[in-house]
Novice: 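Can you keep this structure in mind? I'll have questions shortly.
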Amino acid sequence: MLRLAAVAFAMLGAGLSVPSAAQDDDGWELDPFARVEAGVVTSESSDREDELIIVGDGGYLRGQVGVELKDERTTFRLEADRIQVERFGNATGRERYDRDRFTASVEQEFGEDWAVRLQGRVYDDLVTVESPDTDEVQVSVRIEYQPVLEHRVRATVTWRDREYADTAGPGGTASEGEGLRVDVEYRHRIGRYHYVNVDLRAEEIDSDNPDRAYTRESASLSYTHPITDDLRVRPAIEVRHTEFEGRMTPGGTPRDDTQFVPEVEFLWWPGDWRIEAEAKYIVSTSNDPLREREGYRLSLSIGYVF
């Protein structure tokens with residue numbers, strides 16, 4: 001964990017020091033930015049017999065500040081982001097939590113078609129699929145290829161190092177996990193704010209704690225359509241398959257879950273305001289009967305960018 005944290009903060013330091021020597025050049029542009037956002041979420045899921053109903057209502061506040069320094073082909077970016085979440089009703093997991101995130105990245109364009117981004121990121125108090133309280137350090141490399149405006153392909157490889165706030169690890173110590181994530185994204189641009197996106201992901205976390213190890217594959221398809229200059233609608237569908245190697249079902253086999261998630265999102269961005277509404281229906285199937293669930297999730301957020 002400390003070794004990867006050092007890498008991430010070294011990238012952050014590079015973002016501060018390298019461009020400063022070139023700031024006198026006419027081509028460099030400094031662009032600070034900030035965003036504040038508030039949102040509410042309501043959700044409900046139940047088992048197939050409607051005997052167990054879980055309500056997951058809550059709200060959150062988010063603040064983000066950062067700065068970009070760029071010229072025609074190089075972009076350095078530093079960013080700090082904090083979310084405070086409050087859960088209501090009988091939502092499972094922690095009643096409230098605060099998540100902090102720090103990011104440093106540098107992106108370099110090569111010719112007209114190619115770009116490479118190196119990024120370091122640190123999370124504190126992250127909710128993950130295997131634990132409700134996770135600290136993470138990650139380092140990623142993203143390669144982008146866009147031969148024409150209509151077609152863009154991105155491939156990202158991310159290494160993640162995680163530490164969990166529990167005492168369920170070997171010897172009663174806090175358990176840890178690490179693993180690779182690979183993302184491939186294709187975007188077809190039909191027109192202004194008019195896209196089709198295909199996203200594929202494969203990831204894994206290895207851990208000596210059997211409750212933390214898992215593998216997951218996911219695929220999503222989305223379509224963004226502009227209604228007006230400020231308003232867009234985005235229907236999408238995602239399929240996620242997760243296998244927990246150390247979590248056993250009553251039958252003695254590793255737990256194997258699949259989720260189908262159709263959704264629709266409305267994005268209204270008048271000026272500097274960001275108003276977004278999303279509706280999801282989540283269907284979960286599993287070889288563990290207790291994990292067979294389905295239900296909805298609705299969210300609304302209002303943000304302002306500076």
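We use all heavy atoms of the structure for the numbers below, so side chains are in, but hydrogens, waters and symmetry mates are not. Model, not experiment: these values are computed from the prediction.
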Novice: Report the residues that fulfil side chain to side chain contact (heavy atoms under 4.5 Å, CB included) with Ala38, sequence neighbours left out, ordered by chain and then residue number.
Specialist: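 Applying side chain to side chain contact (heavy atoms under 4.5 Å, CB included) to Ala38 gives Leu61.
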Novice: What residues, two or more places apart in sequence or in another chain, satisfy side-chain hydrogen bond (donor to acceptor under 3.5 Å, both in side chains) together with Arg187?
Specialist: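 side-chain hydrogen bond (donor to acceptor under 3.5 Å, both in side chains) list for Arg187, sorted by chain: empty.
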Novice: Who pairs with Ser207 by side chain to side chain contact (heavy atoms under 4.5 Å, CB included), at least two apart in sequence or on another chain?
Specialist: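 Per chain and number, Ser207 pairs via side chain to side chain contact (heavy atoms under 4.5 Å, CB included) with Asn209, Arg212.
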Novice: Hey, what do you get for CG (Asp113) to CD (Glu144), rounding to the nearest 0.5 Å?
Specialist: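 If I round to the nearest 0.5 Å, the distance is 10.5 Å.
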Novice: Quick one: hydrophobic cluster around Ile190, which other residues, with the 4.5 Å side-chain cut-off, linked directly or via members?
Specialist: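 Grouped by the 4.5 Å side-chain rule, Val196, Val198, Leu221, Tyr223, Ile237 form the rest of the cluster around Ile190.
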Novice: For Val65, give me all partners under side chain to side chain contact (heavy atoms under 4.5 Å, CB included), at least two apart in sequence or on another chain.
Specialist: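 Per chain and number, Val65 pairs via side chain to side chain contact (heavy atoms under 4.5 Å, CB included) with Ala34, Ala80.
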Novice: If we only count heavy atoms from C-beta on, is the Asp125 to Asp100 side-chain gap below 4.5 Å?
Specialist: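 SC-SC contact between Asp125 and Asp100 ruled out.
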Novice: Hey, are Gln259 and Ser284 close enough side-chain-wise for a donor-acceptor pair under 3.5 Å?
Specialist: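 Their side chains do contain a donor-acceptor pair, which is all the 3.5 Å distance test asks for.
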Novice: Using side chain to side chain contact (heavy atoms under 4.5 Å, CB included) as the criterion, list what pairs up with Tyr304, not counting sequence neighbours.
Specialist: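 Result, side chain to side chain contact (heavy atoms under 4.5 Å, CB included) vs Tyr304: Val36, Asp272, Trp273, Phe306.
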Novice: If you look only at pairs with a residue in residues 295-306, which of them pass as a salt bridge (charged side-chain N to carboxylate O under 4.0 Å, His left out), with sequence neighbours excluded?
Specialist: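 Qualifying pairs, neighbours excluded: Glu278-Arg297.
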Novice: Flag yes if Phe110 and Phe76 sit in one hydrophobic cluster, no otherwise; membership is Ile, Leu, Val, Met, Phe, Trp, Tyr, and two members link when side-chain heavy atoms are under 4.5 Å apart.
Specialist: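 Phe110 and Phe76: one cluster.
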Novice: Below 4.0 angstrom, N of the basic side chain to O of the carboxylate: do Arg35 and Asp81 qualify?
Specialist: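 Judged by the 4.0 Å cut-off on N to carboxylate O distance, Arg35 and Asp81 do not form a salt bridge.
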Novice: Using a strict cut-off of less than 4.0 Å between a Lys/Arg side-chain nitrogen and an Asp/Glu carboxylate oxygen, indicate whether Glu107 and Arg77 qualify as a salt bridge.
Specialist: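 Arg77 and Glu107: not salt-bridged.
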Novice: Please assess Thr74 against Gln108 for the test side chain to side chain donor-acceptor pair (under 3.5 Å), listing each intermediate value before the final yes or no.
Specialist: CA-CA 5 Å; Thr74 307; Gln108 178 68 49; 2.6 Å; yes
Novice: List, by chain and number, the other hydrophobic cluster members for Phe33, where Ile, Leu, Val, Met, Phe, Trp and Tyr join if side-chain heavy atoms come within less than 4.5 Å, directly or indirectly.
Specialist: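 Once heavy-atom contacts under 4.5 Å are chained together, Phe33 still belongs with nothing else.
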Novice: Any side-chain donor paired with an acceptor under 3.5 Å for Gln146 and Arg152?
Specialist: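 Not at all, the side chains of Gln146 and Arg152 share no donor-acceptor pair under 3.5 Å.
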Novice: Check salt bridge (Lys or Arg N to Asp or Glu O under 4.0 Å) between Arg189 and all other residues, then give those that pass, not counting sequence neighbours.
Specialist: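 So Arg189 forms no salt bridge (Lys or Arg N to Asp or Glu O under 4.0 Å) with any residue.
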Novice: Please list every donor-acceptor pair under 3.5 Å in which a side-chain atom of residues 242-253 meets a protein atom from a residue at least two apart or in another chain.
Specialist:
{"unit_1": "Thr242", "atom_1": "OG1", "unit_2": "Arg216", "atom_2": "NE", "d": "2.7"}
{"unit_1": "Thr242", "atom_1": "OG1", "unit_2": "Arg216", "atom_2": "NH2", "d": "3.1"}
{"unit_1": "Arg247", "atom_1": "NE", "unit_2": "Asp211", "atom_2": "O", "d": "2.9"}
{"unit_1": "Arg247", "atom_1": "NH2", "unit_2": "Glu130", "atom_2": "O", "d": "3.0"}
{"unit_1": "Arg247", "atom_1": "NH2", "unit_2": "Asp211", "atom_2": "O", "d": "2.7"}
{"unit_1": "Thr249", "atom_1": "OG1", "unit_2": "Gly251", "atom_2": "N", "d": "3.3"}
{"unit_1": "Thr249", "atom_1": "OG1", "unit_2": "Thr253", "atom_2": "N", "d": "3.4"}
{"unit_1": "Thr249", "atom_1": "OG1", "unit_2": "Thr253", "atom_2": "O", "d": "3.3"}
{"unit_1": "Thr249", "atom_1": "OG1", "unit_2": "Thr253", "atom_2": "OG1", "d": "3.1"}

Novice: How far does CG of Leu126 sit from CZ of Arg101, to the nearest 0.5 angstrom?
Specialist: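 Between Leu126 CG and Arg101 CZ, I get 9.5 Å after rounding to 0.5 Å.
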Novice: Scan residues 124-148 for pairs that pass ring pair (Phe, Tyr, Trp, His ring centres under 6.0 Å), counting only residues two or more places apart or in two chains.
Specialist: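 Of all non-adjacent pairs touching residues 124-148, those that pass ring pair (Phe, Tyr, Trp, His ring centres under 6.0 Å) are Trp114-Tyr145.
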Novice: For the residue pair Val283 and Glu294, what are the closest heavy atoms and their distance?
Specialist: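 In terms of heavy atoms, the two residues are closest at CA-CB, 4.0 Å.
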Novice: Output all residues satisfying ring pair (Phe, Tyr, Trp, His ring centres under 6.0 Å) with Trp269, sequence neighbours left out; order by chain, then residue number.
Specialist: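 Testing Trp269 for ring pair (Phe, Tyr, Trp, His ring centres under 6.0 Å), a comparison that skips the adjacent residues, returns none.
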Novice: When rounded to the nearest 0.5 angstrom, what is the spacing between CG in Asp98 and OH in Tyr60?
Specialist: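 Result: 15.0 Å between the selected atoms.
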Novice: Could you give the distance from OG (Ser43) to OH (Tyr281), rounded to the nearest 0.5 Å?
Specialist: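 Ser43 OG to Tyr281 OH: 12.0 Å, rounded to 0.5 Å.
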